[in-house]
Structure formats: C-alpha cells, structure tokens
Amino acid sequence: MTMIRPFSCYYANPEMARDVACPAYDAMTPSQRHEFAVANPNNYLNVMRSTDEFPEFERPPFDLNLQQNSAKLQELLRNGTYVENDAEGFYLYRLAVDGHVQTGIVLELPIEEFLNGGIKKHEHTRQDKEDALILYRDEVRASSTPITMTYPAIDTVDKIAERIAQQAPLIDFVSPDGLAQTLWFIGNDDDIAALQQAFDSVDALYLTDGHHRSAVCERWAQKRRDENSDHTGNEPYNYVMTAVFPDRENRILEYNRVVRGLNGLNVDELLEKMKPFFEIEHLDITDSQQAIPTEKYQFSMYLDEKWYRLSAYIDQVDVNDPVRSLDVCYLQDFVLGPLLGIDDPRQDPRIDYVPGAFGIAELKNRVDEDWGVAFACFPTSIDELMKIADAGEVMPPKSTWFDPKVRSGLLVRLR
C-alpha cells in the first residue's frame, strides 16, 4: 500500500519556464555549472550553487554560499519568476527526447513510506554528501527536484494520464539541450481520489534517482520533528516531493568506464589475460558509434587506438545472483579488479565513469588524451534494478544512468 498526497507549491511562470528550469545537473562539470549560472541569472541553478563550482580564488565560504542560495530563491519568488498555486493537487510531467517519451505523476509521499520499507533502494549513500545537503535544507528550506521512482504500470493511472495529457498544459517548452518538458496540473477531486486509490494497490515504489536526497529527507524530517514542540505530522517537512514513472517508460543508458594506465601490463599482456573470460574480436571501424554494445554481456574496449568487441562467456556468470550477474559486475570481477588492480571502484582515483549521455566517442577521446583503456557497457535494465531492490541488495557504483532526468526548478515546495 502506497499513500500519496496532493500538495500546493510554486510553479515556474510559463513564459519564463525555459529559462528557469535547470539543465541536467549531474551531466555538467562544476566549472560548466558555474559558467551556466553566471550566464543565466534567472535559472534555478543559482539556488543550488556549491562552493566547488566557483573558480578557486572566488569561492565564497560554505555558509555564505548557502545564504546566497537562499537569497536567490527569495528573489525569484518575488520577481514574478514563479506563480504560487494554493490549490492542492498532483502534476502530470512529461519528458521527451530523441524519440523517447515518459510521463509521470509528481506527488508527495509521507516520510513513513521511506521508513517502513515502502520505498525500495539499490544504492549506498555517502555521509559527507548527506551532511552538506542537510545544511542546504536548513538554510534554503525548499525542495525543487522531485526524487524519482518507478512502479509496475497501472492501467487506471495510465488512463488518467492519457486523458489529462489531452488538455491544455500548464507549462510546455523545449530546453536548450533538446529536452521537451510538459506539465499539467491535476486538481480535480475525482482524479485525485482515483490516483490515490490506484496507488493504494502498489506494495512498494522503487527509487531510481535521488538516493542521497531520499536519505536527507529522512534525516531532516526527524531533525525538524525534534526541533518543533508543536509537531503534528502535517507539516511539509514530513513529506517528500516525488516523480513516479511506470516501469516500462524508464530509459536507462549505459555507464561506461575509463582506467588510467594498464596496471603494469602492456597491451598484448592485457589481451592475453582477458582471453579466459571473453571472446575478443578486433573491430575494423571508422566511427566509434559502431562499437556500441548491442546485447547483454557484450562490451566494447578501446585500447591502443583500436576498438575491440568483448563477448563474455556466459557459463562464468552467476545468473542466480541479481548483483553479480550484472554486466558491470562481470567487468569488475574479471577485468577491473584482478587485471587492472581497481579493487575499490568507489574510491580508486584511477577509474572514472562516463555516462552514456556523453556518447561513446568520449571514451575514445579520453584514452587518446591520457587514459589507458576504456570499456563501453550494455545498459542495466529496469527489471535488474527491481530484482536487486527486492532482494535488499545494492548495485555497484555507477551502474545506471537514467535519461532523461527530472529537472530542477519547475516546481518549488517550501519546507
């Protein structure tokens, strides 16, 4: 049983939404975020600044930066950048890019859903990152990026979404990076009740993006409860703004790996040591796009200015283990760890991760510059993610890259 709640919030002025909505935060480097924020003063990215984005000799103290974020939010709320919607409801949110379309519901979940097992997770979080986000919440007192989740598709929800999407949207624009975003307000009491009843039948939601923000919501709610002697349970901090998409509409891109050096091996030695684990084929291609893996347990490797196709030997895969049977685990278990010495892929500075959104040519560019070898992986599936979450297990770092990502700044909920 999943309890969902309608909510009131601010939404971006439709005439300004294209300029207000953030680009994909994680797809930008800190310096790119700084340049974008300076060039676009009304973009919500200016409410989300981190000190590491600023040039070294311009970095404000951590506390001052938080205060500037908060002041910027208040400025945007005052100057007409946002419209306040006092009515409680849900929002239908559609994302479309490169022929892919996904439509979800933005709603609120009680924090208890996260505490009683109603939300299934698949990643670990870092304490230091949580602590920084707690301080951000203490100062800014707002949420603007819905945590994203998935669920087994429900016919009732699909039908309501299809009908609502035939109406005039509240916001409709294409962002500079080509992502079409459309938002409808769902304020009809019958629709709200029907959606709540439909989600009552959902045993659990699966967290897809936002594990750190999820952990912060749990900790921050408890902190606010402890500080509020008049706590009732109805305060906004007891709820989490969430975008839920049906499982079949999620798109997961590959998360590729690049490694510095070859751990003391030469090219021929590395290839020889990989032969027990892969069928290796040299690819005679002129376009890196031709090297993209096309099926599970197939990898592409860029090494010494050449592309290779690596086909894993399936009899070495533990198909009964939902984690170890992942493609990225096979690569880690048989190549990255034992051959290239990457024993801690979460901390080792010799490995980096390149989202599929950056394109496979980025792997070639990295190796041609100064990295040793690159591996392109086949994407993890949503079914694999759900099986791991059901088993109470966690994925290795950088196993999934959900694309498109829900953008920050279209909806702002004060906390």
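We use all heavy atoms of the structure for the numbers below, so side chains are in, but hydrogens, waters and symmetry mates are not.
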Visitor: Can you check whether F245 and Y151 have ring centres sitting under 6.0 Å from each other?
Guide: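 Between F245 and Y151, the centre distance exceeds or equals 6.0 Å.
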Visitor: Within a radius of less than 6.0 Å around NZ of K121, do more than 12 heavy atoms belonging to other residues, nucleotides or ligands occur?
Guide: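 Atom NZ in K121 is packed in, count exceeds 12.
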Visitor: When you check the gap from the basic side-chain N to the acidic O, do K120 and E393 get nearer than 4.0 Å?
Guide: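 Answer for the salt bridge query: no.
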Visitor: Taking D304 for its side chain and K306 for its backbone only, find out whether a donor-acceptor pair lies under 3.5 Å.
Guide: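 No.
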Visitor: Donor-acceptor pairs are to be reported for all side-chain atoms of residues 71-90 against protein atoms at under 3.5 Å, with residues two or more places apart or in another chain.
Guide:
from, atom 1, to, atom 2, distance (Å)
K72, NZ, P41, O, 2.9
K72, NZ, E75, OE2, 3.3
N79, OD1, T81, N, 3.0
N79, OD1, T81, OG1, 2.5
Y82, OH, G409, O, 2.5
N85, OD1, A87, N, 3.1
N85, ND2, Y91, OH, 3.1

Visitor: Is the NZ or CZ atom of R49 positioned over F54's six-membered ring, under 6.0 angstrom from the centre and within 45° of the axis?
Guide: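 Yes, a cation-pi geometry.
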Visitor: Would you say that Y353 contacts N256 through its side chain, given a criterion of any heavy-atom pair below 4.5 Å between the two side chains?
Guide: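 In short, these two side chains do not touch, never coming nearer than 4.5 Å.
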Visitor: Counting C-beta onward and ignoring hydrogens, is there a side-chain heavy-atom pair between S31 and H34 closer than 4.5 Å?
Guide: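 Heavy-atom side-chain distance check fails, nothing below 4.5 Å.
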Visitor: Quick one: side-chain contact (heavy atoms from CB on, under 4.5 Å) partners of E249, sequence neighbours excluded?
Guide: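 side-chain contact (heavy atoms from CB on, under 4.5 Å) check on E249 returns Q102, T103, P246.
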Visitor: State, yes or no, whether a side-chain contact exists between L414 and R141 at a heavy-atom distance under 4.5 Å.
Guide: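 SC-SC contact between L414 and R141 ruled out.
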Visitor: Using a strict 4.0 Å threshold on nitrogen-to-oxygen distance, state whether D131 and R219 make a salt bridge.
Guide: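 Counted as a salt bridge, because a side-chain N and a carboxylate O are separated by less than 4.0 Å.
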Visitor: Does a salt bridge link R346 with D344, judged by any charged N lying under 4.0 Å from a carboxylate O?
Guide: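 So R346 does not pair with D344 through a salt bridge.
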Visitor: Any chance the rings of F185 and Y11 have centres within less than 6.0 Å?
Guide: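 Ring-ring flag for F185/Y11: false, centres at least 6.0 Å apart.
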Visitor: Does a salt bridge link D158 with R248, judged by any charged N lying under 4.0 Å from a carboxylate O?
Guide: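 Counted as a salt bridge, because a side-chain N and a carboxylate O are separated by less than 4.0 Å.
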Visitor: For the residue pair V394 and I388, establish whether any side-chain heavy-atom pair is separated by less than 4.5 Å.
Guide: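 The answer is no; the side chains never approach within 4.5 Å.
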Visitor: For the pair D138 and K223, find out whether any cationic side-chain nitrogen is under 4.0 Å from an anionic carboxylate oxygen.
Guide: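 Yes, D138 and K223 are salt-bridged.
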Visitor: Any sub-3.5 Å donor-acceptor pair from W184's side-chain atoms to Q167's backbone N or O?
Guide: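 Here the side-chain-to-backbone pair exists.
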Visitor: Do you know which two heavy atoms are closest between S144 and V412, and how far apart they sit?
Guide: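 Heavy atoms of S144 and V412 come nearest at CB-CG2, 4.2 Å.
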Visitor: Any donor-acceptor pair under 3.5 Å linking the side chain of D209 with the backbone of T148?
Guide: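 Not at all, since once roles are kept as given, no pair shorter than 3.5 Å links the two residues.
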Visitor: Does any pair with a residue in residues 388-415 pass ring pair (Phe, Tyr, Trp, His ring centres under 6.0 Å), and if so which ones, sequence neighbours excluded?
Guide: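 Ring pair (Phe, Tyr, Trp, His ring centres under 6.0 Å) check on residues 388-415 returns Y255-W401.
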Visitor: List for me each residue that meets salt bridge (charged side-chain N to carboxylate O under 4.0 Å, His left out) alongside E112, sequence neighbours excluded, and say none if there are none.
Guide: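 Scan of E112 (salt bridge (charged side-chain N to carboxylate O under 4.0 Å, His left out), adjacent residues dropped) gives R225.
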Visitor: Can you give the donor-acceptor pairs under 3.5 Å from side chains of residues 170-177 to other protein atoms, not counting sequence neighbours?
Guide:
from, atom 1, to, atom 2, distance (Å)
D172, OD1, T182, OG1, 2.9
S175, OG, D177, OD1, 2.4
S175, OG, L179, N, 3.3
S175, OG, L179, O, 3.1
D177, OD1, L179, N, 3.3
D177, OD2, R407, NH1, 3.0
D177, OD2, R407, NH2, 3.0

Visitor: Between R257 and D352, does any side-chain N to carboxylate O distance fall below 4.0 Å?
Guide: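 Between D352 and R257 there is no salt bridge, as every charged N stays at least 4.0 Å from the carboxylate O atoms.
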Visitor: Quick check: does any side chain N or O of N46 sit under 3.5 Å from a backbone N or O of N40, one acting as donor and the other as acceptor?
Guide: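 A pair under 3.5 Å: yes.
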Visitor: Using every non-hydrogen atom in the two residues, find where E139 and S70 come nearest and quote the distance to one decimal.
Guide: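 Scanning both residues completely, I find the closest heavy atoms to be O-OG, 3.4 Å.
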Visitor: Ignoring hydrogens and geometry, is there a side-chain-to-backbone donor-acceptor pair from T51 to P60 under 3.5 Å?
Guide: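 No, because the side chain of T51 does not come within donor-acceptor range (under 3.5 Å) of the backbone of P60.
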Visitor: Tell me, do Q332 and P345 make a side-chain contact under 4.5 Å, heavy atoms counted?
Guide: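 Yes, their side chains come closer than 4.5 Å.
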Visitor: Should the pair E108-R415 be classified as a salt bridge under the 4.0 Å nitrogen-to-oxygen rule?
Guide: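 Here E108 pairs with R415 in a salt bridge, since their nearest N and O are under 4.0 Å apart.
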Visitor: Side-chain contact, heavy-atom cut-off 4.5 Å: P404 with L95?
Guide: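 Yes, at least one pair of side-chain atoms sits under 4.5 Å.
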Visitor: With a sphere of 6.0 Å drawn around CG of D370, does it hold more than 12 non-hydrogen atoms of other residues, nucleotides or ligands?
Guide: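 More than 12 within 6.0 Å, yes.
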Visitor: Of the non-hydrogen atoms in S288 and K364, which two are nearest, and what is the gap between them?
Guide: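 Taking every non-hydrogen atom into account, OG-CD, 3.5 Å.
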Visitor: Is the centre of the Y330 ring less than 6.0 Å from the centre of the F278 ring?
Guide: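 Ring centres of F278 and Y330 closer than 6.0 Å.
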Visitor: Identify the two heavy atoms, one from S325 and one from D321, that lie closest to each other, and give their separation to 0.1 Å.
Guide: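 Here S325 and D321 meet closest at OG-O, 2.7 Å.
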Visitor: N188 side chain to D191 main-chain N or O, any donor-acceptor pair under 3.5 Å?
Guide: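 Pair found, side chain donor or acceptor close to backbone of D191.
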Visitor: Keeping the roles fixed (side chain from R366, backbone from W371), state whether a donor-acceptor pair exists under 3.5 Å.
Guide: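 The answer is no, because no donor-acceptor pair under 3.5 Å joins these two groups.
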Visitor: I'd like to know if D403 and R251 make a salt bridge, using a cut-off of under 4.0 Å between side-chain N and carboxylate O.
Guide: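 Result for this pair is yes, salt bridge flagged.
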Visitor: Tell me whether T156 contacts the main-chain N or O of A198 through its side chain, where contact means a donor paired with an acceptor under 3.5 Å.
Guide: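 Not a single qualifying donor-acceptor pair exists.
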Visitor: Under the side-chain hydrogen bond (donor to acceptor under 3.5 Å, both in side chains) test, which residues partner T150, sequence neighbours left out?
Guide: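 In terms of side-chain hydrogen bond (donor to acceptor under 3.5 Å, both in side chains), with neighbours along the sequence ignored, T150 is linked to N250.
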Visitor: Please tell me if the side chains of I4 and T2 come closer than 4.5 Å, counting only heavy atoms from C-beta onward.
Guide: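 I4 reaches T2 side chain to side chain.
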Visitor: Looking only at heavy atoms, which two atoms of L363 and A374 are closest? And how far apart?
Guide: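 Heavy atoms only, the tightest pair is CB-CB, 3.7 Å.
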Visitor: Is a side-chain N or O of D318 found less than 3.5 angstrom from the main chain of N320, in a donor-acceptor match?
Guide: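 Yes, because the side chain of D318 sits within donor-acceptor range (under 3.5 Å) of the backbone of N320.
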Visitor: So, for G372 and L303, which heavy atoms are closest and what is the spacing to 0.1 Å?
Guide: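 Scanning both residues completely, I find the closest heavy atoms to be O-CD1, 3.7 Å.
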Visitor: Answer yes or no: is there an ion pair linking E130 with R137, defined by an N-O contact shorter than 4.0 Å?
Guide: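 Not counted as a salt bridge, because no side-chain N and carboxylate O are separated by less than 4.0 Å.
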Visitor: Mark yes or no: R5 above the aromatic ring of Y239, with NZ or CZ under 6.0 Å from the six-membered ring centre and no more than 45 degrees from the axis.
Guide: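 Yes.
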